[in-house]
Protein chains: 2
Amino acid sequence: MVTIYDVARHAGVSAATVSRVLNGHAKVDPALAERVTSSVAELGYRRNAVARNLRKSRTSLWAVIISDVENPFFTSMVRGVEDIALAAGYSVVLCNSDENPEKESNYIVAALTEQMAGVIISPSSNRVDDVKLLLDSGCPVVVIDRELHGLRTDTVLVDNERGAEQATAHLIDQGYRRIACIGGPRWLSTATHRYDGYRRALGTAGLSLEPSLVRFADFRERGGYDAMASLLDDGAEPDALFAANNLMTVGAMECLVQRDLAVPTDIAVVGFDTIPWADLIRPTLTTVSQPAYEVGRQAAQLLARRITKPDADATNVLLPTELQVRASSTRRISTGE
Amino acid sequence: MVTIYDVARHAGVSAATVSRVLNGHAKVDPALAERVTSSVAELGYRRNAVARNLRKSRTSLWAVIISDVENPFFTSMVRGVEDIALAAGYSVVLCNSDENPEKESNYIVAALTEQMAGVIISPSSNRVDDVKLLLDSGCPVVVIDRELHGLRTDTVLVDNERGAEQATAHLIDQGYRRIACIGGPRWLSTATHRYDGYRRALGTAGLSLEPSLVRFADFRERGGYDAMASLLDDGAEPDALFAANNLMTVGAMECLVQRDLAVPTDIAVVGFDTIPWADLIRPTLTTVSQPAYEVGRQAAQLLARRITKPDADATNVLLPTELQVRASSTRRISTGE
DNA sequence: GCGCGACGTCGTAGATGGTGACCACCCCGT
DNA sequence: ACGGGGTGGTCACCATCTACGACGTCGCGC
């Protein structure tokens, strides 16, 4: 392992001068600088980031703690973070909490002990302790996707309520009346807001909320499948479905396929969140698409700003969704007459 | 920031003793250990991983350098790595090279300067220099998914040739004769092996390889779309398609959908690699599924072994694929008679 | 019973690689 | 000749680990 001292000796200067050349902070005689750079090249010196981090008591790593790597929303989001982070000279460490508060907690402690420069997190629970720990330790944090009450942090959220309202209103508009809802875990703000949007749209249209048409699942494929099965088996007789995230939509669809129910003739479907290759699924799926990449970009920008200005006021960004109407929710063929 | 010295003072012992208690290496009087642990708890001490890493000149991070975060194969693979890594006390840093050799090179240098404990990489090119740099620096490396010639490293690969051969043979078996192939970048071993498998199956069946039925693209959705369009526009008149990865399969399918071609009646399709929710796509897609999670698991196990035994012989794991027959490749309806 | 030796536990101090404040020196200009 | 600006070296520091040494205790033997 070649150190800065080896370079200094080889170039006939002090280690401090090598450091200055490498960091470009102070002025160095061009002739010396030249000698240093050529020595660096000749010896194949790479500076030891760990030692540097220790001295500066801060690394150049960002931790991005997401709740599910296999959910396309998060991978797309991560791409957004990455592009900004790299441009700003940071590397991104992806941590997958798997919707497991304990794993999440471990990652947060790791982020602290590893002195990460900042954290972007989509909390897997509404427990505030962990994120509070980060804040109290002075670690810059941006919360994304899910709201966390009682904390003054930068956040980048999506207008879940409005997105869900539009989706439900669209179904009502298309003539559906018995609209079922498969909601997410009630402790997640995304889930409650989407449920609120669903209720609001019903209310606006003068429809009453029927508890038998509502199920709450876990934002996973399996949960969506089971919820759909339960809706069908319990005789709720829905003529449409609003599913509160992408994976549950897929699960519900799989249940419908298995039971030979036609979409949208037997049941119309609108899903929340982008589904990759939605165009290939038959029928094509109407979705409320989220600007995942943009969520990542904005979160990264907020984090970069927070690092340079730790005491700035908290910024809360709310991004709009977009209803993408496809075949799974087209107008109901009027039965009877 | 509370250091080991604060704990030592609070517990009335030396910092060395605190270190010993924390690491459990040497024997410490139980009474003292008790005082130390309670002081740790009382002061809320968390050890500084950066300083620790400097001292041990090695971190507890694994870099996983993949070529596309948005490809489900890699996310699933990462899950496999994660599960093993966490159990072994390592954290996983995910790096997305985006099939870009320059980005990849940067990540490799970062892995070295950050003193990562090991690297798992799916090389984005056949350039050997970067990985050689890691090896020469004594950094444990496991190469996955893609072969790299001239290097003695642990590898975990999938039997691409055999998988492709089975897929093509299956199409032949189903009565298709003009089987097109959309291959991947010719500098990637996965691509060449899959192409070899395609050719082998043709040869075995006594069919000749028709260059007009072959296209090479970039393993991306767009590339698959364009290649399919080109096959159709150039009058190659394929009656079936073998696409060499998941994203290109999706792209090709989208092209077929757009042109109102029926699958498998007009053209049968077999894709390589798992496609999430293949069941929802109409028709359901026949695929050669790869054991992505298992690739990750085995790679992680090899890496852990390599870290403890740096001089062990290189292990090369070859995992089998599995042909999953679905609707997109069912027997051709015999035309005419 | 006392002394010596051995073993075990704990503290001291140095090492890890890099940074940057501070200081010294040199040269030039006035 | 003196002062100032610019350039480069010295050294303390970051937090932790660990080799080595010292000290205390216990046991055994005389």
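Lettering of chains follows the sequences in order, A, B, ..., and the numbering in each one begins at 1. Remember, predicted model here, so these are calculated numbers, not experimental data.
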Fill in: Per-nucleotide protein contact string for nucleotides 5-15 of chain C, where B marks a base within reach and S marks sugar-phosphate only (heavy atoms under 4.0 Å, - for neither)
----SBBB-BB
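- Atom P of nucleotide dG20(C) and atom CG of Leu22(A) are separated by 11 Å, given to the nearest angstrom.
- Across the helix from dG1(C)-dC30(D) to dT30(C)-dA1(D), the helix axis at one end is tilted relative to the axis at the other end by 60° (nearest 10 degrees, each axis from five pairs).
- Spacing between atom CD1 of Ile4(B) and atom C1' of dT18(D) amounts to 11 Å, rounded to whole angstrom units.
- Counting only residues at least two apart or in different chains, ring-ring contact (aromatic ring centres under 6.0 Å, His included) contacts with residues 63-83 of chain A are absent.
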Worksheet item: Under the side chain to side chain contact (heavy atoms under 4.5 Å, CB included) criterion, do Asp154(A) and Leu303(A) qualify, and how do the steps go?
Response: CA-CA 8 Å; Asp154(A) 295 317; Leu303(A) 186 57; over 6 Å; no
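- The side chain of Asn23(A) places an N or O atom within less than 4.0 Å of a non-bridging phosphate oxygen (OP1 or OP2) of dT19(C).
- A salt bridge links Asp6(A) with Arg9(A): at least one charged nitrogen is closer than 4.0 Å to a carboxylate oxygen.
- Rounded to whole Å, atom C1' of dA15(D) lies 14 Å from atom CZ of Arg46(B).
- For dT19(C), the OP1/OP2 oxygens have a side-chain nitrogen or oxygen of Arg52(A) closer than 4.0 Å.
- Between Leu112(B) atom CG and dG17(C) atom P there is a gap of 15 Å when expressed in whole angstrom units.
- Rounded to a whole Å, the NZ atom of Lys56(B) is 14 Å from the C1' atom of dA15(D).
- Separating the CG atom of Asn53(A) from the C1' atom of dC14(D) is a distance of 11 Å, rounded to the nearest angstrom.
- When the P atom of dT18(D) is taken as reference, atom CG of Leu54(B) falls 12 Å away, rounded to whole Å.
- Rounded to whole angstrom, the span from the CG atom of Asp6(A) across to the C1' atom of dT16(C) amounts to 13 Å.
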